[in-house]
*Asks:* 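The structure that follows is given in the form of structure tokens.
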Amino acid sequence: MSLADPQTSPDDLIKDGSDAGFMDDVIAQSKIQPVIVDFWATWCGPCRTLTPALEKQVRAAAGAVKLVKIDVDKNPAYAGQLRVQSIPTVYAFVDGQPVDGFQGAVPESQIKAFIEKLSGGAGVNTDVEQLLALGEESLGLDDFGGAAQAFAHVLTMEPENQKAIAGMARVYLAGGDADQARQTIAMAPQDSTEPSVVTVRAQLALSSSAPTGETAALEAKVRADPSDHQARYDLALAQAAEGDLKGAATSLLDIVTADREWNDQAARKQLLVVFEAAGLSSDIAKDGRRRLSSILFS
């Protein structure tokens, strides 16, 4: 499954093989692309470790290789011809011939290297980065369907890819479905430091921190009494909830300028959430941090 071959689905990459289908599934297919054959059995303990790892790495290779799994108890013919004496045994076929292989439940890193060698180094990293970039570009163009398709594509190859998880959550957020965005971002580790995950979680926190539609009334309240820090703080929450992160940052910085210790430094603490929601490399965060530092150290 790659940008070069959009018709390939994850289900096409892995199949249960048989002696009857070996010529078609392995020999013929290996003349088109490398085919890995996993000889296993239901009673084999190491097979239960190796096979899922093989499947994961084959999916991650994004169509560069295929995997055929053969139960040797039900299909002993080709296992015998290939002198399979213990299982799991893995063979790689190219152009109809076995070209490489290994035995036993090897580490996942070795499986990945095995596949990269077999595929000439082609595979997931390039495809994943291209798809993530496509998703970001689609989001920037408000093409939410295209963005969702790109991020979902990545997740079929790398279900734990945090950038793709965050991307899908952002698609839901952009569509106004905060509940689905929360469920999606929950797929990422709770202690994740991936910037895109941190950003989405901050955006969700801000979106639920104040009701929308109250900015006009709060702006009028602040104009009537510029020293009303609570009103200005509430205004910042409303601005953030409506997506005006620049306005929220300005309101909070105004409070810090007037009284940095107000309400146990509530404005400064909320500023950090706004910076995370905007993205720590965004102009809002960089300009805001610069101004905050100037206030705190002046």
Side-chain angles (χ1 to χ4, degrees), residues 1-41 47 50-84 87-135 146 149-159 161 164:
M1 184 169 56
S2 67
L3 292 178
D5 184 14
Q7 300 303 315
T8 304
S9 73
D11 291 340
D12 294 329
L13 302 178
I14 301 169
K15 72 178 300 181
D16 292 314
S18 66
D19 286 338
F22 195 90
M23 291 301 296
D24 289 334
D25 296 337
V26 178
I27 303 303
Q29 280 297 314
S30 71
K31 296 178 180 179
I32 301 171
Q33 66 187 127
V35 176
I36 296 171
V37 182
D38 174 22
F39 291 101
W40 68 285
C47 297
L50 178 68
T51 299
L54 266 174
E55 292 178 349
K56 176 182 176 182
Q57 290 302 322
V58 167
R59 289 191 181 96
V65 298
K66 288 189 174 183
L67 173 65
V68 176
K69 302 179 294 180
I70 296 182
D71 183 339
V72 297
D73 287 340
K74 296 179 180 178
N75 303 279
Y78 283 95
Q81 288 185 29
L82 291 165
R83 301 181 184 277
V84 173
I87 53 174
T89 289
V90 172
Y91 276 104
F93 282 76
V94 174
D95 292 329
Q97 299 293 325
V99 296
D100 202 354
F102 62 84
Q103 292 181 336
V106 302
E108 193 164 321
S109 59
Q110 186 173 331
I111 297 172
K112 182 177 181 182
F114 177 79
I115 291 175
E116 288 177 349
K117 177 184 176 183
L118 186 62
S119 61
V124 64
N125 290 339
T126 299
D127 285 338
V128 165
E129 292 305 317
Q130 288 176 336
L131 286 165
L132 289 172
L134 178 61
Q149 185 175 17
F151 292 130
H153 204 151
V154 172
L155 290 172
T156 64
M157 296 185 284
E158 296 184 0
N161 187 294

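Residues: numbered from 1 along the sequence shown. These numbers were taken from a predicted model, which means no experiment stands behind them. Computation of the quantities below employed the complete heavy-atom set of this structure, encompassing side-chain atoms and omitting hydrogens, waters and symmetry-equivalent molecules.
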*Asks:* By the salt bridge (Lys or Arg N to Asp or Glu O under 4.0 Å) test, which pairs, at least two apart or in different chains, include something from residues 67-81?
*Replies:*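 Pairs touching residues 67-81 that pass the test: D16-K69, E55-K69.
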
*Asks:* In Å and rounded to the nearest 0.5 Å, what is the CE to CD distance from M23 to Q29?
*Replies:*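 Going from CE on M23 over to CD on Q29, the span is 12.5 Å.
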
*Asks:* With a cut-off of 3.5 Å and sequence neighbours excluded, list every side-chain donor-acceptor pair involving residues 99-108.
*Replies:*
{"unit_1": "E108", "atom_1": "OE2", "unit_2": "K56", "atom_2": "NZ", "d": "3.2"}
{"unit_1": "E108", "atom_1": "OE2", "unit_2": "Q57", "atom_2": "NE2", "d": "2.8"}

*Asks:* Hey, could you give me the CG/CG distance between L67 and L13, rounded to the nearest 0.5 Å?
*Replies:*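 Rounded to the nearest 0.5 Å, the CG-CG separation comes out at 9.0 Å.
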
*Asks:* Can you find a pair of side-chain heavy atoms, one from V35 and one from D25, that are under 4.5 Å apart?
*Replies:* no

*Asks:* Mind checking whether F151 and L132 have side chains closer than 4.5 Å, heavy atoms only?
*Replies:*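 Heavy-atom side-chain distance check passes, below 4.5 Å.
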
*Asks:* Where do A77 and D19 come nearest, in terms of heavy atoms and distance?
*Replies:* N-OD2, 2.9 Å

*Asks:* Less than 4.5 Å apart, any side-chain heavy atom of F39 and any of L82?
*Replies:*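 A side-chain contact under 4.5 Å exists here.
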
*Asks:* How about V90 and I111: do any of their side-chain heavy atoms sit closer than 4.5 Å?
*Replies:* no

*Asks:* What residue pairs, at least two apart or across chains, pass salt bridge (Lys or Arg N to Asp or Glu O under 4.0 Å) with a residue in residues 75-84?
*Replies:*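 Sorted result for residues 75-84: empty, none.
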
*Asks:* Output the distance between atom OG1 (T51) and atom CG (D38), rounded to the nearest 0.5 Å.
*Replies:*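 Answer rounded to 0.5 Å: 4.0 Å.
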
*Asks:* What are the two closest heavy atoms between P52 and C47, and how far apart are they?
*Replies:*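 For P52 versus C47, the nearest heavy atoms are CD-O, 3.9 Å.
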
*Asks:* Assign the ring pair Y78 / F22 to parallel, tilted or perpendicular, where the plane angle (0 to 90°) is split at 30° and 60°.
*Replies:* parallel

*Asks:* Return the CZ to CG distance between F114 and L54, rounded to the nearest 0.5 Å.
*Replies:* 8.0 Å

*Asks:* S18 and I70: which non-hydrogen atoms are nearest, and at how many Å?
*Replies:* N-CG1, 4.3 Å

*Asks:* To check you understand the geometry: which heavy-atom pair defines the closest contact between G17 and V68, and what is its length?
*Replies:*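 Minimum heavy-atom contact is CA-CG1, 3.6 Å.
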
*Asks:* Any heavy-atom pair between the side chains of I115 and P34 that's under 4.5 Å?
*Replies:* no

*Asks:* How close do I87 and A41 get, counting heavy atoms only, and between which atoms?
*Replies:*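 Heavy atoms only, the tightest pair is CD1-CB, 3.4 Å.
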
